[in-house]
**Student:** 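The structure that follows is given in the form of structure tokens.
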Amino acid sequence: MQEFIQLLNDVLAQYNLLTAFVFTALLMIAAQQASQRLTAGRIHPSAIAIALGLLLAALAGWYSGGRKGVADLPLLAGTGLLGGAMLRDLSIVATAFSVRADEFVCSGLWGILALALGLLTSFSTGAAIALVCGYRDPVSVTTIAAGAATYIVGPVTGTALHASSEVIALSVAAGLVKAVTVMLITPLIAPVIRLNTPRAAMIFGGLQGTNSGVIAGLAATNPKLVPYGAMTATFYTGLGCLLGPSLFFLIIRKILTSDL
Amino acid sequence: MVIYGTALLAACLLIGTVAGRVIGHSLGLESDLGGVGIAMLLLIASVTWLQKRKLLTAATESGIQYWSMLYVPIVVAMAASQNVCGALSGGLVAAAAGTIPVAACFSLTALLIRCAGDGQQPAVVVSNTTRSTHTENP
């Protein structure tokens with residue numbers, strides 16, 4: 001028996017990417033069950049899965065004293081590769097596949113206006129909050145501000161700018177808080193702000209941007225609105241990834257260095 | 001073939017990353033400037049181009065779609081390999097940065113919907129009576 005466990009350990013550690021696939025799938029199953037049984041489907045399973053991931057990363061960090069969450073445990077080292085920059089960026093670029101640029105343009109200028117306003121609002125309020133909380137270096141301020149956009153834009157921006165892992169984790173946490181907040185609040189606020197037409201959904205998706213938050217929020221409001229909100233929200237993450245480490249970083253750096 | 005789709009996707013990311021680093025370098029920064037965003041634009045452009053010429057087969061598409069469907073699990077794996085202990089010390093920052101922009105954006109959403117409502121209505125007007133049709137798939 002002892003020998004078998006040793007052998008199992010060896011295989012799981014040696015084929016660590018496969019172990020990571022199984023580990024992530026187990027997290028997704030747990031999140032799916034929790035979403036259905038504990039929240040009646042109100043909180044999107046992906047948000048719960050991400051929250052679980054962050055929780056396990058906190059436990060693993062506390063246990064191992066490392067800086068890479070569960071990837072510091074030899075058995076789960078593959079999680080670092082699966083969730084690393086290369087495969088993460090590959091899958092995020094792939095989500096652009098479901099977007100048609102001409103379809104989006106046909107839907108009017110409202111979506112574009114909402115996208116521009118949404119990114120500007122999230123980045124500026126996020127940067128202001130980072131400054132209030134005592135961050136002064138432009139890389140950290142931009143990364144936290146990007147986290148206020150989405151939990152994708154945050155780490156992509158942070159990785160591009162070589163932010164510290166703490167600040168990147170903070171930006172993911174901020175994006176997660178945002179996603180959960182949008183999911184929970186959208187169905188309650190939708191009737192008040194007349195979020196009931198495709199155009200309104202496109203405006204909403206462009207302004208909030210957080211994909212899982214927008215999709216889950218709209219699904220809980222009216223499932224037919226989901227693709228319209230998702231369309232602008234998909235552009236939001238792409239534009240955020242484009243503008244976060246470039247334009248917004250240069251602006252924030254300009255402001256911070258001229259202050260000093 | 002499936003590999004064509006995945007190769008197209010990978011090539012877009014490689015070109016985007018090189019372009020992002022070149023732009024970053026030309027601005028005097030040791031970082032990637034918008035490489036992922038450039039790669040997304042490249043993918044949208046090349047997929048649209050291929051579709052117009054009917055060169056995008058179902059198998060090729062599935063080579064891209066597989067990765068786009070893995071996006072949530074990969075983000076979960078990414079979350080699980082972050083330095084969360086380090087972030088917890090700044091818990092208030094995350095809470096504030098996650099909620100205050102949402103509140104600001106909801107006010108703007110209300111404003112823009114009100115402005116847009118004066119314009120012509122979109123082709124499909126969704127009524128509130130369809131709320132219960134969760135299983136319906138258009």
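Lettering follows sequence order; numbering is per chain, from 1.
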**Student:** Let's test your reading of the structure: which of B:Ala10, B:Ala110, B:Ala79, B:Pro73 forms the most heavy-atom pairs below 4.5 Å with chain A?
**Tutor:**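 Highest number of heavy-atom pairs under 4.5 Å: B:Ala79.
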**Student:** For B:Ile64, which atoms come within 4.5 Å of any heavy atom of chain A: side chain, backbone, both, or neither?
**Tutor:**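 Answer is both: backbone and side chain atoms of B:Ile64 are under 4.5 Å from chain A.
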**Student:** Restricting to non-hydrogen atoms, name the atom on B:Trp67 and the atom on A:Ser91 that form the minimum distance, rounded to 0.1 Å.
**Tutor:**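 Nearest pair, atom of B:Trp67 first, then A:Ser91: O-CB, 3.1 Å.
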**Student:** Could you look at A:Ile189 and say if it's the side chain, the backbone, both or neither that has a heavy atom under 4.5 Å from chain B?
**Tutor:**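 For A:Ile189, the contact with chain B is made by the side chain alone.
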**Student:** For the CG atom of A:Leu242 and the CD1 atom of B:Ile23, what is their distance to the nearest 0.5 Å?
**Tutor:**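 A:Leu242 atom CG to B:Ile23 atom CD1 measures 8.0 Å (nearest 0.5 Å).
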**Student:** Checking A:Pro45 against chain B: side chain, backbone, both or neither under 4.5 Å from a heavy atom?
**Tutor:**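 No part of it gets close to chain B.
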**Student:** Of all of A:Ala25, A:Gly69, A:Ala94, A:Ala60, which one pairs up most often with chain B through heavy atoms under 4.5 Å apart?
**Tutor:**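 Counting heavy-atom pairs under 4.5 Å, the top option is A:Ala94.
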**Student:** Could you measure the distance from the OG atom of B:Ser107 to the CG atom of A:Leu207? Nearest 0.5 Å is fine.
**Tutor:**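 Spacing of OG (B:Ser107) from CG (A:Leu207) equals 9.5 Å.
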**Student:** Look at A:Ala71, A:Gly66, A:Ser122 and state which one has the largest set of heavy-atom pairs under 4.5 Å with chain B.
**Tutor:**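 Highest number of heavy-atom pairs under 4.5 Å: A:Ser122.
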**Student:** Which of the residues B:Ile100, B:Leu43, B:Leu13, B:Val102 is involved in the greatest number of heavy-atom pairs with chain A at under 4.5 angstrom?
**Tutor:**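 Among the listed options, the one with the most contacts to chain A is B:Val102.
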**Student:** How close do A:Thr181 and B:Gly98 get, counting heavy atoms only, and between which atoms?
**Tutor:**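 Answer, listing the atom of A:Thr181 first, then B:Gly98: OG1-O, 4.2 Å.
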**Student:** Can you list the residues that meet the side-chain hydrogen bond (donor to acceptor under 3.5 Å, both in side chains) rule with A:Ser140, with sequence neighbours excluded?
**Tutor:**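 side-chain hydrogen bond (donor to acceptor under 3.5 Å, both in side chains) check on A:Ser140 returns A:Asp137.
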**Student:** With rounding to the nearest 0.5 angstrom, report the CD1 to SG distance, A:Ile203 to B:Cys105.
**Tutor:**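 Reported to 0.5 Å precision, the distance equals 13.0 Å.
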**Student:** Do you know which of A:Ile129, A:Val132, A:Leu117 has the most heavy-atom pairs with chain B at a distance under 4.5 angstrom?
**Tutor:**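 It is A:Ile129.
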**Student:** Which answer fits A:Val70, side chain, backbone, both or neither, if we ask what part of it has an atom under 4.5 Å from a heavy atom of chain B?
**Tutor:**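 Both parts, heavy atoms under 4.5 Å.
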**Student:** Given heavy-atom pairs under 4.5 angstrom as the criterion, report whether the side chain, backbone, both or neither of A:Ser171 touches chain B.
**Tutor:**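 Contact with chain B: none, neither part.
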**Student:** CG/B:Leu14 to CE/A:Met86 distance, rounded to the nearest 0.5 angstrom?
**Tutor:**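 Result: 10.0 Å between the selected atoms.
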**Student:** Measure A:Leu59 against the heavy atoms of chain B and call it side chain, backbone, both or neither at under 4.5 Å.
**Tutor:**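 For A:Leu59, neither part sits under 4.5 Å from chain B.
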**Student:** So what's closer than 4.5 Å to chain A heavy atoms on B:Leu41: side chain, backbone, both or neither?
**Tutor:**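 Only the side chain of B:Leu41 comes within 4.5 Å of chain A.
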**Student:** Using the side-chain contact (heavy atoms from CB on, under 4.5 Å) criterion, which residues pair with A:Ser124? Sequence neighbours excluded.
**Tutor:**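 In terms of side-chain contact (heavy atoms from CB on, under 4.5 Å), with neighbours along the sequence ignored, A:Ser124 is linked to no residue.
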**Student:** Which atom names give the shortest non-hydrogen contact between B:Ala95 and A:Val177, and what distance separates them?
**Tutor:**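 So the two residues come closest at O-CG1, 4.1 Å.
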**Student:** List the atom of B:Ala77, the atom of A:Thr24, and the distance in Å for their closest heavy-atom pair.
**Tutor:**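 Of all heavy-atom pairs spanning B:Ala77 and A:Thr24, the closest is CB-OG1, 4.0 Å.
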**Student:** Please classify the contact of A:Phe123 with chain B as side chain, backbone, both or neither, using a heavy-atom distance under 4.5 Å.
**Tutor:**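 A:Phe123 has no heavy atom closer than 4.5 Å to chain B.
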**Student:** Which atoms of A:Ala20 come close to chain B, meaning under 4.5 Å heavy atom to heavy atom: side chain ones, backbone ones, both, or neither?
**Tutor:**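 Contact with chain B is absent: no heavy atom of A:Ala20 under 4.5 Å.
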**Student:** When heavy-atom pairs shorter than 4.5 Å are enumerated against chain A, which of B:Ala103, B:Ser81, B:Ser46 gives the highest number?
**Tutor:**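 The option with the most such pairs is B:Ser81.
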**Student:** Can you tell me how far CZ of A:Phe21 sits from CD1 of B:Ile74, rounded to the nearest 0.5 angstrom?
**Tutor:**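 Those atoms lie 7.0 Å apart.
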**Student:** Among B:Leu70, B:Leu108, B:Leu8, B:Leu111, which residue forms the greatest number of heavy-atom pairs with chain A at distances under 4.5 Å?
**Tutor:**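 Highest number of heavy-atom pairs under 4.5 Å: B:Leu108.
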**Student:** Against chain B, label A:Leu54 side chain, backbone, both or neither, depending on which of its atoms sit under 4.5 Å from a heavy atom there.
**Tutor:**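 The answer is both parts of A:Leu54.
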**Student:** Give me the atom names and distance for the closest heavy-atom approach of B:Met78 to A:Tyr151.
**Tutor:**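 Here B:Met78 and A:Tyr151 meet closest at CE-O, 4.1 Å.
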**Student:** Could you grab the distance from atom SG of B:Cys12 to atom CG of A:Leu90, nearest 0.5 Å is fine?
**Tutor:**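 If we round to the nearest 0.5 Å, B:Cys12:SG and A:Leu90:CG are 10.0 Å apart.
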**Student:** For the interface with chain A, which of B:Pro101, B:Gly5, B:Ala45, B:Ala96 has the highest count of heavy-atom pairs at distances below 4.5 Å?
**Tutor:**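 The option with the most such pairs is B:Pro101.
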**Student:** Can you check whether A:Cys241 reaches B:Met40 side chain to side chain, under 4.5 Å on heavy atoms?
**Tutor:**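 Heavy-atom side-chain distance check fails, nothing below 4.5 Å.
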**Student:** Please name the pair of heavy atoms, one in A:Ala57 and one in B:Ala80, separated by the smallest distance, quoted to 0.1 Å.
**Tutor:**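 The pair with the smallest heavy-atom distance is CB-O, 3.2 Å.
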